[in-house]
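Down below is the structure, laid out as structure tokens.
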Amino acid sequence: MVLHMSATFPLEPLVALLESAGYARSDAPLLTLADVFLDLSGEDIRRRLYLTQDAEGRELCLRPEFTIPICMAEVQKNITPVRAAVSYCGSVFRHRVGEPGEFIQAGVESLGRTDREAADADILALALSATRSLGEAKPLVRLGDAGLINGVLDALEASPAFARRLKRGLAAGKPFAQAIVQTSRSTGLNRYGGVMAALEGAGPEAARAFVGDMLTMSGVREAGGRTAEEIASRFLSKAQEGETALDADRTRILEEFLAISGHPDRVAVEVNRLAQRHGLDIRVPLQRYETRVGFMAAAGLDLEGISASAGFVRNLDYYTGMVFEMLPHNASAVAKPLAGGGRYDGLLKRLGAAVDVPAVGFSLWVERFQRGSAT
């Protein structure tokens with residue numbers, strides 16, 4: 001098959017580059033069950049899905065990305081342990097403001113390498129090579145670490161609900177103060193206090209069934225790929241979160257942590273100082289971060305050209321470690337990434353693998369190179 005976006009922008013060299021690095025070409029079905037994306041990808045992807053139904057009434061979607069379908073395919077091969085190096089190049093489909101709903105993504109997934117930090121450095125180096133092969137000679141690189149953020153939030157005893165909403169706010173580009181306000185608000189379900197009082201003392205299954213029956217009687221069958229029972233579960237989960245704000249002292253520590261940025265080595269030093277100053281036990285994620293930076297240097301990556309930030313996160317819920325994005329060298333404040341990726345060690349087990357599988361990868365938004373700008 002000839003791969004191209006236009007007569008002047010062939011994709012064969014990019015595909016050849018990824019394959020020559022040891023990533024065998026693969027593909028994924030255009031249509032797939034929607035529930036896996038609804039459960040695993042986060043709110044940003046959920047609201048962008050193109051949804052439809054099959055003859056049996058199951059909710060389907062056009063693939064919005066390649067990572068989950070490729071991981072599902074590898075898990076379904078029933079090979080333990082899962083080990084694969086896969087590349088892809090093809091259309092994905094998302095509702096996007098000001099951009100086409102169908103667009104080309106290319107990238108790789110590295111599954112099963114247990115030398116995690118070395119694999120991270122290799123993926124970052126390959127993403128840089130791929131970006132340069134498409135015409136961006138010196139991209140801006142933003143580097144973060146979901147493992148570090150999670151470690152600090154755990155050390156501060158932040159609730160899962162607080163952590164989830166904070167990271168979504170940061171991924172949406174909200175400043176710290178705004179993201180904190182978002183996480184500290186009540187869930188907006190106080191007006192249903194009477195219903196919750198009526199459910200007091202009921203077991204989880206009985207409560208879920210009661211709310212599901214209420215929705216069904218109101219004519220709610222499915223919405224956004226969720227059944228009435230799933231909506232009920234979400235309702236109850238939200239209602240039970242309550243107020244989850246950190247106190248003033250822990251909020252100041254978190255703000256101090258998220259403000260750390262600069263050279264990757266400097267970030268490690270400053271995070272270590274903060275941890276010692278406030279008695280935070282984040283030794284494991286910090287050691288992984290420092291080891292990764294060492295492998296990045298050993299791989300010949302220009303650390304001076306990498307902007308690391310303790311507060312940088314990406315908008316997919318399944319990331320567990322390194323995250324990164326690459327932007328045009330002259331990127332504006334509203335620039336969109338040319339490439340992005342990271343580590344997602346827990347995803348394959350959630351898709352059915354018998355054990356956790358180390359995994360890391362990246363994707364390229366090919367049409368943004370063709371336009372010559374990511375704005």
Side-chain angles (χ1 to χ4, degrees), residues 1-5 11-12 14-19 21-42 44-56 58-79 81-96 99-113 123 126-127 130 225 314-319 337 339-353 357-368:
M1 177 175 61
V2 177
L3 291 167
H4 60 85
M5 289 184 58
L11 296 180
E12 286 88 347
L14 172 62
V15 172
L17 171 67
L18 301 180
E19 290 182 332
Y23 292 85
R25 179 77 188 283
S26 185
D27 202 357
L30 283 174
L31 276 175
T32 187
L33 291 173
D35 59 357
V36 65
F37 294 101
L38 297 171
D39 291 340
L40 297 176
S41 293
D44 186 68
I45 288 292
R46 287 177 184 141
R47 63 186 175 82
R48 298 185 183 203
L49 296 180
Y50 284 92
L51 294 168
T52 186
Q53 288 185 335
D54 65 10
E56 299 174 358
R58 295 179 302 176
E59 203 82 20
L60 303 176
C61 67
L62 291 170
R63 66 186 181 209
E65 50 115 314
F66 276 91
T67 298
I68 287 178
I70 284 177
C71 289
M72 288 176 65
E74 293 301 324
V75 169
Q76 289 166 3
K77 290 178 181 178
N78 293 318
I79 299 173
V82 176
R83 183 72 184 260
V86 178
S87 64
Y88 56 85
C89 184
S91 292
V92 294
F93 304 84
R94 300 182 200 173
H95 293 285
R96 302 189 301 171
E99 295 182 289
E102 177 183 358
F103 55 102
I104 301 291
Q105 275 198 337
V108 304
E109 311 297 344
S110 175
L111 312 178
R113 280 186 59 175
I123 283 290
L126 182 57
R314 300 198 69 226
N315 59 358
L316 293 173
D317 287 352
Y318 51 66
Y319 285 120
R343 175 160 292 278
Y344 50 95
D345 286 351
L347 179 60
L348 277 83
K349 189 173 183 180
R350 295 176 69 183
L351 291 171
V357 179
V360 63
F362 70 85
S363 295
L364 302 133
W365 286 265
V366 177
E367 93 282 3
R368 292 176 183 168

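This chain uses plain numbering: 1 for the first residue, then up along the sequence. Because the structure is a prediction, the values reported are computed rather than measured.
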Go through the side-chain N and O atoms of Glu109 and Tyr344 and say whether any donor and acceptor fall under 3.5 Å apart.
-> yes
Reported CG-to-OG1 distance for the pair Leu348 and Thr67, which is rounded to 0.5 angstrom | 10.0 Å
Hey, what do you get for SG (Cys71) to NZ (Lys349), rounding to the nearest 0.5 Å?
-> 15.5 Å
CA sep, side-chain torsions, deciding dist, call: Phe93, Cys61, side chain to side chain contact (heavy atoms under 4.5 Å, CB included) | CA-CA 9 Å; Phe93 304 84; Cys61 67; over 6 Å; no
Minimum heavy-atom distance between Asp345 and Pro358, given as atom pair plus value | OD1-CA, 3.3 Å
Quick one: CG on Leu40 to OH on Tyr318, what's the gap to the nearest 0.5 Å?
-> 9.0 Å
Please determine if Arg96 forms a cation-pi arrangement with Phe103, meaning its NZ or CZ atom is less than 6.0 Å from the six-membered ring centre and no more than 45° off the ring axis.
-> yes
Run the numbers on Ile68 and Thr32 for side chain to side chain contact (heavy atoms under 4.5 Å, CB included), then give the verdict.
-> CA-CA 10 Å; Ile68 287 178; Thr32 187; over 6 Å; no
Parallel, tilted or perpendicular for Tyr88 and Phe66, by the 30°/60° rule?
-> parallel
Val92 and Gln105 have their tightest heavy-atom pair at CG2-CG, 3.8 Å
Has the side chain of Glu56 got a donor or acceptor atom that lies under 3.5 Å from a matching backbone atom of Arg58?
-> no
Value rounded to 0.5 Å, distance of NE2 in His95 from CG in Leu49 = 7.5 Å
Identify the two heavy atoms, one from Ser26 and one from Val86, that lie closest to each other, and give their separation to 0.1 Å.
-> CB-CG1, 3.2 Å
Taking all non-hydrogen atoms of both residues into account, name the closest pair between Gly101 and Tyr50 and its distance.
-> CA-OH, 3.5 Å
Give the minimum heavy-atom separation between Leu17 and Ala130, together with the two atoms involved.
-> CD2-CA, 3.6 Å
Between Arg63 and Ala28, is there a donor-acceptor pair closer than 3.5 Å when you use the side chain of the first and the backbone of the second?
-> yes
Provide the closest heavy-atom pair for Val357 versus Gly112 in the form atom of the first, atom of the second, distance.
-> CG1-N, 3.7 Å
N-O pairing of Arg368 and Glu99 below 4.0 Å | yes
Mind checking whether Glu102 and Arg94 have side chains closer than 4.5 Å, heavy atoms only?
-> no
Donor + acceptor pair across side chains of Ser87, Glu19 (<3.5 Å) | no
To the nearest 0.5 Å, atom CD1 of Ile70 lies from atom CG of Leu351 at 12.0 Å
Using the side chain to side chain contact (heavy atoms under 4.5 Å, CB included) rule, take Leu364 and Leu14 through it: C-alpha gap first, then chi angles, then the decisive distance, then the call.
-> CA-CA 10 Å; Leu364 302 133; Leu14 172 62; 4.1 Å; yes
Kindly indicate, with the supporting measurements, whether the criterion side chain to side chain contact (heavy atoms under 4.5 Å, CB included) is fulfilled by Leu60 and Leu51.
-> CA-CA 6 Å; Leu60 303 176; Leu51 294 168; over 6 Å; no
